[in-house]
Amino acid sequence: MQIITIGILTLSDRASSGVYEDKATPEVQRVLNLYIKNDIIYHKELIPDEYKNIVQKLFFLADEKKCDLIITSGGTGPALRDVTPEATEKVCDKMLPGFGELMRQASLQFVPTAILSRQSAGIRGKSLILNLPGNPKAISQCLEAVFSAIPYCIDLIGGAFIETNEEIIKAFRPKKKE
C-alpha cells in the first residue's frame with residue numbers, strides 16, 4: 001500500500017495569532033484518518049488569511065512536498081479577507097468547479113448561508129487542492145459529500161493510489177474493461 005502525502009493548510013487570522021485554538025486542522029486530519037487506509041504523511045500549516053502567503057504555501061505543498069492532496073480550511077466566505085479560492089485559482093493548472101458545487105449543495109441541508117461559501121478545487125501538477133470551510137462541522141459535512149471522487153481524481157492526475165475504509169466511505173472508480 002502506497003504512502004499518501006497530504007497537506008493541510010488552515011487559514012485563520014485569529015487561530016494563527018493564538019486568539020483561539022485551531023480546531024479545523026485536527027478535524028480535517030480526523031476525517032481523513034477515518035476515510036483512508038494508507039499510511040499518511042501530513043504537512044500542516046496554520047497561517048493568517050494573506051493572499052501572498054496562501055499562494056506561497058500552496059506552491060510549496062504541491063511543488064516541494066509533492067502532496068497528493070492539499071486541503072485548505074478557511075477563507076472561503078465573502079468577507080474581504082477571505083481569499084483562499086483566489087489563491088487556489090492562481091496556483092492551479094485546472095479548476096474543478098464540481099467539488100465546490102457539491103459541497104455547497106450538501107451544506108445547504110444544514111445552513112441557508114451555505115450559498116455564501118466559495119469552496120473550490122483544482123489541480124496543480126499531481127496535487128489535488130480542495131478548499132473547505134473553516135467550521136469543523138462543515139469540514140466533515142463537505143468532506144463526506146465529495147470524498148468518494150477524490151481517490152479517482154488523484155489516480156487520473158498521477159498521484160498515489162488511495163485505499164479507503166470501505167465500511168466508512170467508498171471511493172468511486174470506474175470498473176475496468178475486460
Side-chain angles (χ1 to χ4, degrees), residues 1-11 22-46 58 61-62 65-77 84-85 88 92 94-115 117-178:
M1 200 175 324
Q2 287 184 292
I3 295 174
I4 307 301
T5 304
I6 297 177
I8 302 174
L9 179 59
T10 302
L11 301 309
D22 168 25
K23 293 184 178 178
T25 303
E27 181 62 8
V28 171
Q29 192 169 347
R30 182 192 73 77
V31 174
L32 293 177
N33 287 340
L34 280 175
Y35 288 177
I36 298 172
K37 285 173 102 169
N38 308 63
D39 288 335
I40 302 170
I41 296 171
Y42 286 104
H43 298 284
K44 298 181 274 189
E45 303 272 351
L46 171 62
L58 289 173
L61 291 168
K65 292 299 182 180
K66 307 285 188 208
C67 291
D68 300 294
L69 175 62
I70 300 167
I71 304 270
T72 70
S73 176
T76 59
T84 304
T88 299
C92 285
K94 294 179 182 178
M95 296 304 294
L96 300 168
F99 281 95
E101 293 164 7
L102 184 54
M103 288 187 284
R104 280 184 290 282
Q105 184 180 19
S107 294
L108 275 170
Q109 297 175 34
F110 303 99
V111 293
T113 55
I115 60 171
S117 191
R118 301 178 312 117
Q119 295 107 303
S120 64
I123 298 164
R124 176 168 182 80
K126 293 183 179 184
S127 299
L128 171 61
I129 302 172
L130 179 68
N131 300 149
L132 297 177
N135 177 289
K137 276 188 183 175
I139 287 168
S140 62
Q141 292 161 354
C142 288
L143 274 174
E144 182 178 357
V146 300
F147 193 83
S148 61
I150 288 174
Y152 184 55
C153 180
I154 292 172
D155 292 349
L156 291 171
I157 62 175
F161 189 85
I162 295 176
E163 294 187 41
T164 60
N165 287 317
E166 292 203 2
E167 52 288 342
I168 297 171
I169 198 158
K170 292 183 180 181
F172 172 80
R173 288 184 168 102
K175 296 203 183 327
K176 294 185 180 182
K177 295 179 182 175
E178 297 184 24

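Note that the coordinates shown come from a computational prediction; the quantities given were computed from them, not determined experimentally.
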Pairs satisfying ring pair (Phe, Tyr, Trp, His ring centres under 6.0 Å), at least one member in residues 155-177, at least two apart: none
Any S73 side-chain heavy atom under 4.5 Å of T10 side chain: yes
Which residues share a side chain to side chain donor-acceptor pair (under 3.5 Å) with D22, sequence neighbours left out: T25
For residues 142-156, run the donor-acceptor check on the side chains, cut-off 3.5 Å, and write out each pair with its distance to 0.1 Å, sequence neighbours left out.
unit_1, atom_1, unit_2, atom_2, d
D155, OD1, R173, NH2, 3.3
D155, OD2, R173, NE, 2.5
D155, OD2, R173, NH2, 3.4

Rounded distance (nearest 0.5 Å) linking atom CD of E45 with atom CG of L58: 10.0 Å
Which atom of G77 lies closest to which atom of R118, heavy atoms considered: O-NE, 3.0 Å
I36 and N165, any side-chain heavy atoms less than 4.5 Å apart: no
Check: I4 main-chain N/O paired with N38 side-chain donor or acceptor under 3.5 Å: no
Pairwise distance CD(Q29) to CD1(I139) - rounded to 0.5 angstrom: 12.0 Å
Pairs meeting criterion side-chain hydrogen bond (donor to acceptor under 3.5 Å, both in side chains) with involvement of residues 121-134, two or more places apart: D63-R124, T72-N131, T88-N131, S120-N131
Flag side-chain contact, heavy atom, 4.5 Å: C67 against H43: yes
Side chains of L34 and L32 in contact at under 4.5 Å (non-hydrogen atoms): no
Contact summary for S140 and Y35, nearest pair of heavy atoms: O-OH, 4.4 Å
Nearest non-hydrogen partners of L132 and M103, listed with the distance: CD2-SD, 3.5 Å
Side chain proximity check, Q119 to P133, heavy atoms < 4.5 angstrom: yes
Distance in Å, T84 OG1 paired with L9 CG, rounded so as to fall on 0.5 Å steps: 7.5 Å
pair I40-I3: side-chain heavy atoms closer than 4.5 Å: no
Close side-chain approach of I6 to D68, heavy-atom, < 4.5 Å: no
Contacts of F110 that satisfy side-chain contact (heavy atoms from CB on, under 4.5 Å) - sequence neighbours left out: Q141
M95 versus P97, closest heavy-atom pair with distance: O-CD, 3.5 Å
Any I70 side-chain heavy atom under 4.5 Å of L128 side chain: no
Evaluation steps, side-chain contact (heavy atoms from CB on, under 4.5 Å), between L108 and R104: CA-CA 6 Å; L108 275 170; R104 280 184 290 282; 5.6 Å; no
Salt bridge (Lys or Arg N to Asp or Glu O under 4.0 Å) pairs, two or more places apart, involving residues 127-143: none
